[in-house]
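Proteins get letters first, then strands, A, B, ... in listed order; numbering begins at 1 in each.
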Amino acid sequence: IQLTQSPSSVSASVGDKVTIACRTSLNINNYLNWYQQKPGTPPKLLIYTTSNLQIGVPSRFSGSGSGTDFTLTISSLQAEDSATYYCQQTYSSLVTFGQGTKVEIK
Amino acid sequence: EVQLLESGGGLVQPGGSLRLSCTVSGFIFRTSGMSWVRQAPGKGLEWVSAISASGNRTYYTDSVKGLFTISRDNSKNTMYLQMDSLRAEDTAIYYCAKNFVVGRSAIHRYYYMDVWGQGTTVTVSS
């Protein structure tokens, strides 16, 4: 199953709303997760099963979607959100990640 | 506190072998499936392999099938990745991750990776 994220990168100001899309090549029945990775650190789980916020993750992060189209939204971008974001499907036993979206602060 | 610690990375020549270990603490290891994910320099995340809680089911990405072997020793709270016939394209940071199951079918567990190790670096070069 292929995952295509868009955009590949985004530059936004503090306080802006940022939306990252993830399209899958097959219906994955909402088994779509989102991770945040900052340079030199391992990935961190943000959202699981499309829309469930992991414990400890700020509420400005949210996920939505169904079928083959999914979205990660940061409602009010903060400086500490500068990172690369990855979607991931585990619907198939052959797990795949999107190529990543780099979020930068203007 | 749940912790995962990878070890065993290093510099190896093309065609060589390495065995990575992931030693865990803070949760009941024998009840959790586990995964290996790698990241080549400057690149994105690539899932490599996964193993069920009991170790009786294993999965691999196509590029490592027949070359890498995932295993676990539940008595030692440790997962392994035996990597043989290494190639330059296997150069990466290798992360182990704990799988948290959120659903299941007759043959598959749906999960997310809720805890990650810090990674161990594998460099394949002559």
Exercise. When you measure from the side chain of A/N33 to the backbone N and O of B/Y111, does any donor-acceptor pair fall under 3.5 Å?
Worked result: yes
For this session: For residues A/Y86 and B/G44, report the shortest heavy-atom separation together with the two atoms involved.
Result: OH-CA, 3.4 Å
Exercise. Given A/T49 and B/Y110, is the side chain to side chain contact (heavy atoms under 4.5 Å, CB included) satisfied, shown in steps?
Worked result: CA-CA 9 Å; A/T49 322; B/Y110 311 113; over 6 Å; no
For this session: Tell me, yes or no, whether the heavy-atom count around B/K76 atom NZ, taken from other residues, nucleotides or ligands under 6.0 Å, exceeds 12.
Result: no
Exercise. Just how far is it from atom OG1 of A/T90 to atom CH2 of B/W47, taken to the nearest 0.5 Å?
Worked result: 11.0 Å
Problem set entry | Spacing of OG1 belonging to A/T96 relative to CG belonging to B/L45, to within rounding of 0.5 Å | 12.0 Å
Exercise. What option among B/Q118, B/H108, B/R109 has the most heavy-atom pairs under 4.5 Å with chain A?
Worked result: B/H108
Problem set entry | B/G117 to A/P42 - nearest heavy-atom pair and separation | O-CB, 3.2 Å
Problem set entry | Sub-4.5 Å side-chain heavy-atom contact between B/S35 and A/V95 | no
Problem set entry | Nearest-0.5 Å distance that lies between atom CZ in B/R57 and atom OG in A/S93 | 10.0 Å
Exercise. Are A/Y31 and B/V102 close enough, and set up right, to give a side chain to side chain contact (heavy atoms under 4.5 Å, CB included), and what steps lead you there?
Worked result: CA-CA 9 Å; A/Y31 289 110; B/V102 290; 3.9 Å; yes
For this session: To the nearest 0.5 angstrom, please state how far the CZ atom of A/F97 sits from the CD atom of B/Q39.
Result: 9.5 Å
Exercise. How far apart are the closest heavy atoms of A/Q37 and B/Y95, and which atoms are they?
Worked result: NE2-OH, 3.5 Å
Seminar exercise, completed: Honestly, the part of A/S92 sitting under 4.5 Å from a heavy atom of chain B is backbone
Exercise. Does the pair B/M113 and A/Y35 meet the rule for a side chain to side chain contact (heavy atoms under 4.5 Å, CB included), with working shown?
Worked result: CA-CA 9 Å; B/M113 298 171 187; A/Y35 300 85; 3.4 Å; yes
